[in-house]
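Just below is one structure, and these are the notes that go with it.
Counting starts at 1 for both ligands and their atoms, in listed order. Side chains included, hydrogens not; waters and symmetry mates left out as well; all remaining heavy atoms used. Computed from a prediction, not measured in an experiment: that's the story for all the values here.
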Amino acid sequence: MTALMTTQHIKFRSAEFATSASKVSECPLDIGSEVAFAGRSNAGKSSAINALTRNPSLARTSKTPGRTQLLNFFNLNIDQCRLVDLPGYGYAKVPVAMQLKWRKHLNEYLEVRASLSGLVLVMDIRHPLKEFDRMIIDWCIASELPLHLLLTKADKFKKNGIMKAKMEVKKGLPEHPEGLISMQSFSASKGDGIADLERQLVLWMKPAINAISVATDSDATINHEQIISPTHQTSPSED
Ligand code: GDP
């Protein structure tokens with residue numbers, strides 16, 4: 001008999017607040033698999049997490065005053081699978097010294113966390129690739145951490161606008177290994193792109209869950225774009 005035949009589904013709606021950490025030493029045990037969400041303040045990160053988990057108040061935890069500088073962990077229904085809400089960056093109210101401290105802790109978290117399977121970088125589709133975004137992207141490339149660019153608030157654009165924005169982002173990315181960075185458009189307000197996001201997360205978490213086959217209800221081939229590194233790009237198709 002081969003491995004377990006059960007298909008265990010990750011249910012993102014099962015996400016429950018587990019704990020906050022202000023530094024790496026306070027994080028949960030570094031085992032299993034976690035996917036972190038990063039984004040500048042106001043990019044739409046909380047709305048994206050809430051849409052993914054179908055829980056309108058989940059990510060509010062991270063916005064409670066005093067908690068914005070913390071990493072917030074949410075457990076999923078599968079043992080040792082977690083979502084992590086990284087602190088928003090760029091809150092005007094947060095003093096510079098605090099922001100520097102936050103940056104230090106974030107760097108440390110990204111560097112040491114073995115169970116970190118991938119990072120979702122949430123960007124407002126109208127204002128992508130700002131300084132913070134570039135810092136995260138450079139870091140992921142340097143450490144070969146899989147990165148998924150979530151271009152949210154896509155409802156602000158028509159189909160053409162979305163395509164154009166994606167092209168611009170693609171062009172603006174630094175050189176990177178093929179397959180390391182993927183990208184999709186998303187709208188928390190309309191609920192567009194949730195299934196694609198789920199599939200990406202399952203893909204990342206799957207290898208860490210030994211002997212259990214994991215799927216979502218909509219498990220299928222991934223249909224958002226894998227970005228081809230500029231060095232591997234064929235003819236650019238601008239309009
Ligand atoms: P965060 O600071 O990154 O967590 O951002 P929030 O999730 O709090 O969103 C910031 C603002 O953008 C709020 O006013 C949201 O209602 C709005 N917003 C978030 N996602 C979307 C979206 O998909 N479409 C639109 N139109 N607005 C959004």
Side-chain angles (χ1 to χ4, degrees), residues 12-13 15-22 34-74 82-96 98-99 102-103 105-106 109-110 118-137 139-140 147-166 168-169 182-201 224-225:
F12 290 98
R13 68 180 72 223
E16 271 182 0
F17 176 73
T19 188
S20 289
S22 60
E34 65 196 28
V35 170
F37 286 72
R40 297 170 70 241
S41 146
N42 226 35
K45 177 167 59 80
S46 307
S47 305
I49 293 174
N50 291 346
L52 171 72
T53 58
R54 282 83 162 174
N55 184 341
S57 57
L58 194 76
R60 200 191 301 148
T61 325
S62 326
K63 296 211 156 173
T64 313
R67 278 211 168 160
T68 49
Q69 297 306 304
L70 306 178
L71 300 112
N72 289 291
F73 291 84
F74 301 95
R82 299 170 293 274
L83 302 178
V84 190
D85 188 1
L86 300 180
Y89 183 76
Y91 287 97
K93 285 185 207 133
V94 178
V96 174
M98 192 85 154
Q99 299 217 8
W102 172 86
R103 227 180 241 228
H105 289 310
L106 177 66
Y109 166 79
L110 294 173
L119 195 143
V120 177
L121 178 59
V122 181
M123 297 188 285
D124 185 326
I125 194 164
R126 300 164 299 175
H127 314 289
L129 300 179
K130 299 287 186 200
E131 191 203 345
F132 167 82
D133 306 319
R134 292 190 175 279
M135 183 186 87
I136 294 282
I137 292 168
W139 190 90
C140 286
L147 174 68
H148 189 61
L149 305 176
L150 197 74
L151 303 179
T152 195
K153 309 193 192 182
D155 51 282
K156 296 282 185 189
F157 281 153
K158 296 209 169 76
K159 228 174 173 178
N160 257 355
I162 294 175
M163 281 191 18
K164 252 180 133 171
K166 279 176 159 178
E168 287 301 314
V169 170
S182 50
M183 172 170 71
Q184 70 163 105
S185 55
F186 189 87
S187 166
S189 333
K190 291 211 169 153
D192 291 344
I194 296 177
D196 282 349
L197 179 59
E198 282 190 340
R199 278 191 283 270
Q200 181 61 67
L201 266 50
H224 57 249
E225 300 168 49

Q: Please list all pairs passing the salt bridge (Lys or Arg N to Asp or Glu O under 4.0 Å) test where one or both residues lie in residues 47-57, with sequence neighbours left out.
A: Arg54-Glu198
Q) Is the backbone N or O of Leu151 less than 3.5 Å from a side-chain atom of Lys166, with the two atoms forming a donor-acceptor pair by type? A) no
Q.
If the cut-off is 4.0 Å to any non-hydrogen atom of Ser187, which atoms of ligand 1 fall inside it?
A. 23 (O)
Q) Taking only heavy atoms of Thr152, which atoms of ligand 1 are found under 4.0 Å from at least one of them? A) 23 (O)
Q) Applying a 4.0 Å heavy-atom criterion (strictly less than), which segment of Asp155 is in contact with ligand 1: side chain, backbone, both, or neither? A) side chain
Q. For Phe186 and ligand 1, does the shortest N/O to N/O distance drop below 3.5 Å?
A. no
Q) Is there a heavy atom in Arg40 that sits closer than 4.0 Å to ligand 1? A) yes
(Q) Restricting to side-chain hydrogen bond (donor to acceptor under 3.5 Å, both in side chains), what partner residues turn up for Ser47, sequence neighbours left out? (A) none
Q: Examine ligand 1 and decide if any of its atoms is less than 4.0 Å from a heavy atom belonging to Gly39.
A: no
Q: Identify, by atom number and element, the atoms of ligand 1 in contact range of Ser189, meaning under 4.0 Å from any of its heavy atoms.
A: 21 (C), 22 (C), 23 (O), 24 (N), 25 (C), 26 (N), 27 (N)
Q: Answer yes or no: is there a side-chain heavy-atom contact under 4.5 Å between Leu129 and Ile137?
A: yes
Q. For ligand 1, which atoms, with element, lie under 4.0 Å from some heavy atom of Gly44?
A. 1 (P), 3 (O), 5 (O), 6 (P), 7 (O), 9 (O), 19 (C)
